[in-house]
Amino acid sequence: MKSKLAINGGEKAVNLDRQHYVWPPITERTREAVLRQLEESISIYDRSGIIERLEDKFAHYHGKKHALLTNSGTSALHSMYVGANLKEGDEVICPAYTFYASVTPLFFTGAIPVLADSKDNGNINPEDIERKITGNTKGIAITHMWGMPCDMDAITEIARQYNLMLFEDASHAHGAVYRGRKVGTFGDVSAFSLQAQKTLTGGEGGVLLTDNDEIFYRALLLGHYNKRCKNEIPEDNKLRQYAITGMGLKLRIHPMAAAIADEQFDNLETILENRRKIAKSMMKELRGLPGIEIPNIPNDIEPSWYAFIMQYKPEELGRLSIEKFYEALKAEGCVELDRPGSTCPLNYHQLFQNPVLLFPGYKDKVSYKRGDFPKAEKFHEHSLKLPVWHELKDRDIIESYVNAFKKVIEKYHELL
Ligand SMILES: Cc1ncc(COP(=O)(O)O)c(C=O)c1O
């Protein structure tokens with residue numbers, strides 16, 4: 001490559017005059033679905049219309065008894081923990097590295113999040129889960145980070161052996177498969193986000209999945225008072241007496257969001273298939289380049305490819321800092337390259353260092369600090385994230401991004 005690095009005044013490696021990455025795909029069919037919903041209803045109190053259709057579709061896709069739509073993934077996670085009837089002082093072992101909403105709803109239950117460190121791929125380490133188990137442990141929460149399924153054989157075995165509940169946050173992993181089984185189906189209860197960046201989206205929204213009636217009824221009571229509780233909690237169930245008010249929150253999804261997610265659902269398998277093809281070609285092109293390590297995918301796992309996460313290896317590029325490497329790639333035109341910020345080790349957040357001003361009951365119960373989770377912190381500090389494109393026509397963009405990586409890596413000494 002003859003041109004100088006763009007950061008030093010050379011030509012950009014990525015020179016395309018169109019948006020590099022467009023998500024979600026909004027088509028004529030999406031517009032029609034929204035207009036149809038606008039005519040049908042914009043507020044649904046019970047499990048009818050688009051709510052019933054999408055919940056049935058989601059439950060059927062995963063082979064689960066109950067799906068419950070919510071207004072966000074955070075609300076689905078909140079419903080998951082409340083559904084499990086956690087009590088003050090119960091401990092739930094959670095990933096140190098995840099988006100905070102996987103864990104923060106626990107603060108509203110009185111249960112204590114006990115963080116466990118990561119493996120080399122950023123997912124929770126089953127060995128650290130086992131080390132953190134005490135007599136108060138009630139459950140294990142996991143997140144399939146960036147669409148990569150966690151070690152489900154080891155984790156389900158620990159949950160079985162110690163009789164613990166398993167909570168899955170599958171917000172990054174719609175349609176991901178571990179040894180022939182979809183993620184989100186391993187837990188006693190699981191939660192998904194349908195927020196705009198997610199592989200299945202309604203713009204905003206969430207879904208809870210469970211086979212367990214009691215969890216479902218409590219989740220209904222948290223955010224779906226009156227009609228749904230009256231219609232769906234059997235009259236002879238002791239929780240039915242609270243049907244009118246529920247627990248007093250309202251977490252219903254907007255019907256328009258449900259209509260969008262329902263329409264997007266029909267494309268999910270095609271999108272997953274295309275992302276898998278494209279991720280394979282990205283891996284092929286980037287494998288073996290010094291300075292970056294591409295994801296390692298075991299044969300029996302199909303990630304959802306929510307993102308393509310590489311690990312930067314400064315020791316292979318003369319200790320060039322990740323900041324300089326990243327800036328050089330941005331200057332080459334890789335506008336979609338990202339260093340995740342708010343998804344980070346939870347011990348970096350004030351809420352997990354000292355939650356007391358917001359949650360007084362957590363005094364001396366949660367007090368993490370930087371340095372507590374070396375693996376999670378290393379993974380985060382060295383992460384570089386690309387989207388995984390979903391349309392084969394975007395191959396020229398991917399090719400130019402790969403060229404940018406090759407160029408910066410070849411000329412890294414110009415940055416030292
Ligand atoms: C892993 C994970 N869990 C939960 C959430 C929260 O979902 P929502 O934004 O729909 O509330 C997100 C992101 O948005 C996420 O990335």
Side-chain angles (χ1 to χ4, degrees), residues 1-23 97 99 118 120-122 145-148 172 197 275 278-297 305-345 348 370 374-391 394-416:
M1 277 176 215
K2 293 211 177 65
S3 164
K4 277 200 291 187
L5 288 175
I7 204 165
N8 292 334
E11 229 176 88
K12 285 181 176 187
V14 184
N15 233 328
L16 297 152
D17 58 0
R18 66 183 206 270
Q19 214 178 318
H20 294 180
Y21 182 72
V22 181
W23 187 262
Y97 177 67
F99 182 66
S118 312
D120 289 341
N121 69 359
M145 288 306 294
W146 307 113
M148 193 70 63
H172 289 183
Q197 290 174 13
R275 282 192 174 171
I278 288 171
K280 267 195 194 130
S281 72
M282 288 166 75
M283 288 199 286
K284 190 165 158 242
E285 291 295 331
L286 296 169
R287 179 173 286 124
L289 291 180
I292 51 169
E293 190 175 307
I294 57 164
N296 174 26
I297 316 296
W305 293 111
Y306 176 57
F308 190 90
I309 302 286
M310 291 159 280
Q311 287 289 293
Y312 179 59
K313 305 189 97 178
E315 65 279 12
E316 293 179 359
L317 297 182
R319 302 239 148 250
L320 176 72
S321 72
I322 189 168
E323 288 80 9
K324 283 198 176 154
F325 184 70
Y326 177 74
E327 270 170 37
L329 283 162
K330 286 292 218 193
E332 293 297 335
C334 297
V335 292
E336 293 296 339
L337 181 68
D338 184 28
R339 294 186 65 203
S342 55
T343 297
C344 68
Y348 285 13
R370 278 182 180 254
K375 286 276 193 180
E377 293 172 38
K378 178 161 187 251
F379 184 84
H380 172 67
E381 307 294 347
H382 292 81
S383 286
L384 291 167
K385 169 173 159 268
L386 280 176
V388 181
W389 282 263
H390 51 95
E391 291 202 69
D394 286 335
R395 285 198 190 278
D396 58 333
I397 305 178
I398 299 156
E399 204 178 301
S400 61
Y401 272 61
V402 167
N403 286 339
F405 270 81
K406 288 185 176 164
K407 182 178 167 191
V408 173
I409 288 170
E410 190 188 305
K411 297 174 188 291
Y412 78 88
H413 47 271
E414 292 176 20
L415 298 164
L416 289 170

Just verifying a value: how many Å separate [X] [atom1] and [Y] [atom2], rounded to the nearest 0.5 Å?
X	Y	atom1	atom2	result
H20	D396	NE2	CG	9.5 Å
Q19	E336	CD	CD	7.5 Å
L286	F308	CG	CZ	5.5 Å
K407	E11	NZ	CD	7.5 Å
E399	S281	CD	OG	10.0 Å

Requested in this report: Answer with yes or no after comparing the ring centroid distance for H390 and W23 against a 6.0 Å cut-off, counting only values under it.
Outcome: yes
Smallest separation among heavy atoms of [X] and [Y], with atom names:
X	Y	value
Y401	G333	OH-O, 3.9 Å
A6	A331	CB-O, 3.3 Å
G147	Y306	N-CB, 4.2 Å
I294	M283	CD1-O, 3.5 Å
Y412	L320	CB-CD2, 4.2 Å

Report task. Check M310, H382, Q311, E316 against E293 for a side-chain contact (heavy atoms from CB on, under 4.5 Å) and give me the one that passes. Result -> Q311
Query raised in the report: Parallel, tilted or perpendicular for Y312 and F325, by the 30°/60° rule?
Result: parallel
Report task. State whether a side-chain donor-acceptor pair under 3.5 Å links Y348 with H380. Result ->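 Y348 vs H380: no donor-acceptor pair found between side chains.
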